[in-house]
Peer 1: 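Sending over a structure as C-alpha coordinates; questions will come in a sec.
Values below: every heavy atom of this structure, side chains too, minus hydrogens, waters and symmetry copies.
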Amino acid sequence: MAKSFLGMHIDSRSLNWRATQSRLDNLPGAEVKITALRPVEDGVGIELLDYIVPGKCRPMPSAWKSCDIAHIQIELIVAQLLDGINSYLFL
(Lines give C-alpha, C1' and ligand atoms only; values in the text may rest on other atoms or scores of the structure.)
Protein backbone atom coordinates (compact mmCIF):
# COMPACT_ATOMS: atom_id res chain seq x y z
CA MET A 1 0.00 0.00 0.00
CA ALA A 2 2.88 2.43 0.67
CA LYS A 3 3.98 2.13 -2.93
CA SER A 4 0.47 2.84 -4.25
CA PHE A 5 0.02 6.13 -2.41
CA LEU A 6 3.53 7.37 -1.75
CA GLY A 7 5.57 6.12 -4.72
CA MET A 8 7.87 4.23 -2.32
CA HIS A 9 8.77 0.61 -1.71
CA ILE A 10 10.30 -1.27 1.22
CA ASP A 11 14.02 -1.34 0.53
CA SER A 12 15.19 -3.19 3.63
CA ARG A 13 14.30 -4.34 7.11
CA SER A 14 16.70 -4.87 9.98
CA LEU A 15 16.95 -5.26 13.73
CA ASN A 16 19.48 -3.02 15.47
CA TRP A 17 20.57 -3.78 19.01
CA ARG A 18 23.58 -4.20 21.28
CA ALA A 19 26.24 -1.57 21.93
CA THR A 20 25.95 0.30 18.61
CA GLN A 21 22.21 0.99 18.95
CA SER A 22 22.57 1.84 22.62
CA ARG A 23 25.27 4.35 21.70
CA LEU A 24 23.21 5.84 18.83
CA ASP A 25 20.18 6.36 21.09
CA ASN A 26 22.02 6.95 24.35
CA LEU A 27 19.61 4.33 25.66
CA PRO A 28 21.01 1.19 27.33
CA GLY A 29 19.60 -2.06 25.91
CA ALA A 30 17.78 -0.43 22.97
CA GLU A 31 16.36 -2.80 20.34
CA VAL A 32 14.90 -1.23 17.20
CA LYS A 33 13.18 -2.72 14.13
CA ILE A 34 14.05 -0.53 11.15
CA THR A 35 12.09 -0.42 7.89
CA ALA A 36 13.68 1.61 5.10
CA LEU A 37 11.37 3.07 2.45
CA ARG A 38 12.92 4.21 -0.82
CA PRO A 39 11.25 6.13 -3.64
CA VAL A 40 10.55 4.27 -6.85
CA GLU A 41 12.14 7.22 -8.63
CA ASP A 42 15.06 9.29 -7.35
CA GLY A 43 14.57 11.08 -4.06
CA VAL A 44 15.04 10.93 -0.33
CA GLY A 45 14.16 7.76 1.59
CA ILE A 46 12.52 7.42 5.00
CA GLU A 47 13.45 5.08 7.87
CA LEU A 48 10.67 3.95 10.19
CA LEU A 49 11.89 3.03 13.68
CA ASP A 50 9.91 0.66 15.90
CA TYR A 51 11.40 0.46 19.39
CA ILE A 52 10.95 -2.99 20.90
CA VAL A 53 13.06 -2.18 23.99
CA PRO A 54 12.37 -0.07 25.87
CA GLY A 55 8.70 -0.93 25.75
CA LYS A 56 5.87 1.50 26.21
CA CYS A 57 6.68 4.18 28.71
CA ARG A 58 4.61 7.03 29.98
CA PRO A 59 1.79 8.26 27.70
CA MET A 60 2.14 11.26 25.44
CA PRO A 61 1.05 14.43 27.27
CA SER A 62 -2.34 15.72 26.16
CA ALA A 63 -0.94 19.28 25.92
CA TRP A 64 1.80 18.25 23.48
CA LYS A 65 2.50 21.00 20.91
CA SER A 66 4.37 21.10 17.61
CA CYS A 67 7.06 23.27 19.22
CA ASP A 68 7.87 20.58 21.82
CA ILE A 69 11.20 18.81 21.41
CA ALA A 70 9.56 15.45 20.63
CA HIS A 71 7.40 16.68 17.76
CA ILE A 72 7.83 14.85 14.46
CA GLN A 73 6.16 15.88 11.24
CA ILE A 74 6.80 14.53 7.77
CA GLU A 75 5.21 16.19 4.79
CA LEU A 76 5.01 14.11 1.63
CA ILE A 77 3.94 15.63 -1.66
CA VAL A 78 2.34 13.04 -3.90
CA ALA A 79 1.63 13.67 -7.56
CA GLN A 80 -1.74 12.40 -8.77
CA LEU A 81 -2.86 11.22 -5.32
CA LEU A 82 -6.50 10.91 -6.35
CA ASP A 83 -5.59 8.60 -9.24
CA GLY A 84 -3.68 6.39 -6.81
CA ILE A 85 -6.52 6.30 -4.31
CA ASN A 86 -9.08 5.51 -7.01
CA SER A 87 -6.97 2.67 -8.45
CA TYR A 88 -6.55 1.22 -4.95
CA LEU A 89 -10.25 1.47 -4.10
CA PHE A 90 -11.47 0.01 -7.37
CA LEU A 91 -9.09 -2.94 -7.81
Peer 1: With a 4.5 Å heavy-atom cut-off, do Asp11 and His9 have their side chains touching?
Peer 2: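 Asp11 reaches His9 side chain to side chain.
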Peer 1: Does the side chain of Tyr51 reach to within under 4.5 Å of the side chain of Asp25, using non-hydrogen atoms?
Peer 2: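 With C-beta onward as the side chain, the pair touches.
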Peer 1: Going by the rule side-chain hydrogen bond (donor to acceptor under 3.5 Å, both in side chains), which residues pair with Asn16 if we only count those two or more places apart in sequence or in a different chain?
Peer 2: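 Asn16 satisfies side-chain hydrogen bond (donor to acceptor under 3.5 Å, both in side chains) with Gln21 once adjacent residues are dropped.
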Peer 1: Side-chain donor-acceptor pairs under 3.5 Å in residues 26-49, sequence neighbours left out?
Peer 2:
none

